[in-house]
Amino acid sequence: MKVRLLDLAHARSGDKGDMANVGVIALRPEWYPLLARLLTSDRVAAHFSGVISGGVDRFELPNLHALNFLLHGALDGGGTISLKTDAQGKVFSTALLRLELDVPADEARRLGLPGSA
């Protein structure tokens, strides 16, 4: 079944130079392993295809039930030289929360994911 990341996590984003970072925090601790398994660097890079020009690094913070993604080439050079509307990368968290994950229906029910009942 398709599950929106928005229904599983909070997200915050920011910037440093030409990079944006997005922190994704599971709404429930028991959902973190699912996010850690499905929300890969490749999946995030594919989601932002055409928006970022570089790769994506992923950092795990299991004690916080969170993942942090560093998006290279996201800000067209950075806030002081970019012509992008959001040269500080604040909207990347909202954009990432629009991603949909494919979760097996039985696993979704077992975890009590929204829409799985």
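It should be emphasised that the depicted structure is a prediction, and the values quoted were computed from it without experimental measurement. All values below were derived from every heavy atom in this structure, side-chain atoms included, with hydrogens, water molecules and symmetry-related copies excluded.
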Next on the checklist: Is there a side-chain contact (heavy atoms from CB on, under 4.5 Å) between Leu61 and Asn68? Walk through the geometry before answering.
Outcome noted: CA-CA 8 Å; Leu61 300 112; Asn68 191 58; 4.0 Å; yes
Next on the checklist: For a side chain to side chain donor-acceptor pair (under 3.5 Å) check, start with the C-alpha distance between Asp18 and His72, then their side-chain angles and the critical distance, and finish with the verdict.
Outcome noted: CA-CA 7 Å; Asp18 193 30; His72 296 270; over 6 Å; no
Next on the checklist: Please evaluate residues Phe92 and Leu71 with respect to the criterion side-chain contact (heavy atoms from CB on, under 4.5 Å), reporting the C-alpha separation (whole Å), side-chain torsions for both, the decisive distance (0.1 Å), and the verdict.
Outcome noted: CA-CA 9 Å; Phe92 280 92; Leu71 313 175; 3.5 Å; yes
Next on the checklist: Would Leu96 and Thr94 count as a side-chain contact (heavy atoms from CB on, under 4.5 Å) here? Give the steps.
Outcome noted: CA-CA 5 Å; Leu96 185 57; Thr94 301; over 6 Å; no
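The two residues Val22 and Ser13 come nearest to each other via the heavy atoms CG2-CB, 4.0 Å. Scanning all heavy atoms of the two residues, the minimum distance from Ala108 to Ser116 falls at O-OG, 3.2 Å. Nearest heavy-atom pair across Leu35 and Ala9 is CD1-CB, 4.1 Å.
Qualifying salt bridge (charged side-chain N to carboxylate O under 4.0 Å, His left out) partners for Arg110, counting only residues two or more places apart in sequence or in other chains: Glu107. In this view, Arg98 satisfies the side chain to side chain donor-acceptor pair (under 3.5 Å) rule with no residue, not counting sequence neighbours. Listed by chain and residue number, Lys2 satisfy the salt bridge (charged side-chain N to carboxylate O under 4.0 Å, His left out) test with Asp102 (two or more places apart in sequence, or in another chain). Residues that satisfy the side chain to side chain contact (heavy atoms under 4.5 Å, CB included) test with Pro114, not counting sequence neighbours, are Asp7, Leu8, Trp31.
For the pair Leu34/Leu101, no side-chain contact is recorded, criterion being any heavy-atom separation below 4.5 Å from C-beta on. Put simply, the side chain of Phe69 does not reach to within 4.5 Å of the side chain of Asp57, judged on heavy atoms. Here the side chains of Leu39 and Val24 are in contact, with some heavy-atom distance below 4.5 Å. A 4.5 Å side-chain heavy-atom check between Arg4 and Leu97 finds every atom pair outside the cut-off. In this structure, the side chains of Arg37 and Tyr32 stay at 4.5 Å or more apart for every pair of heavy atoms.
Met1 contributes atom CE, which lies 8.5 Å from atom CZ of Arg109 (distance to the nearest 0.5 angstrom). In this structure, CD in Glu30 is found 9.0 Å from NE2 in His65, a value given to the nearest 0.5 Å.
Within the 3.5 Å criterion, the main-chain N or O of Ala36 finds a donor-acceptor partner in the side chain of Arg58.
The side chain to side chain contact (heavy atoms under 4.5 Å, CB included) with Leu38 is formed by just one residue from the set Val3, Val103, Leu99, Leu5; it is Val103.
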Can you list, pair by pair, the side-chain donor-acceptor contacts under 3.5 Å of residues 43-56, counting residues two or more places apart and other chains?
{"unit_1": "Arg43", "atom_1": "NH2", "unit_2": "Glu100", "atom_2": "O", "d": "2.7"}
{"unit_1": "His47", "atom_1": "NE2", "unit_2": "Ala95", "atom_2": "O", "d": "2.8"}
{"unit_1": "Ser53", "atom_1": "OG", "unit_2": "Gly73", "atom_2": "O", "d": "3.3"}

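Other residues sharing the hydrophobic cluster of Ile25, ordered by chain and number and joined by side-chain separations under 4.5 Å: none, the residue standing alone.
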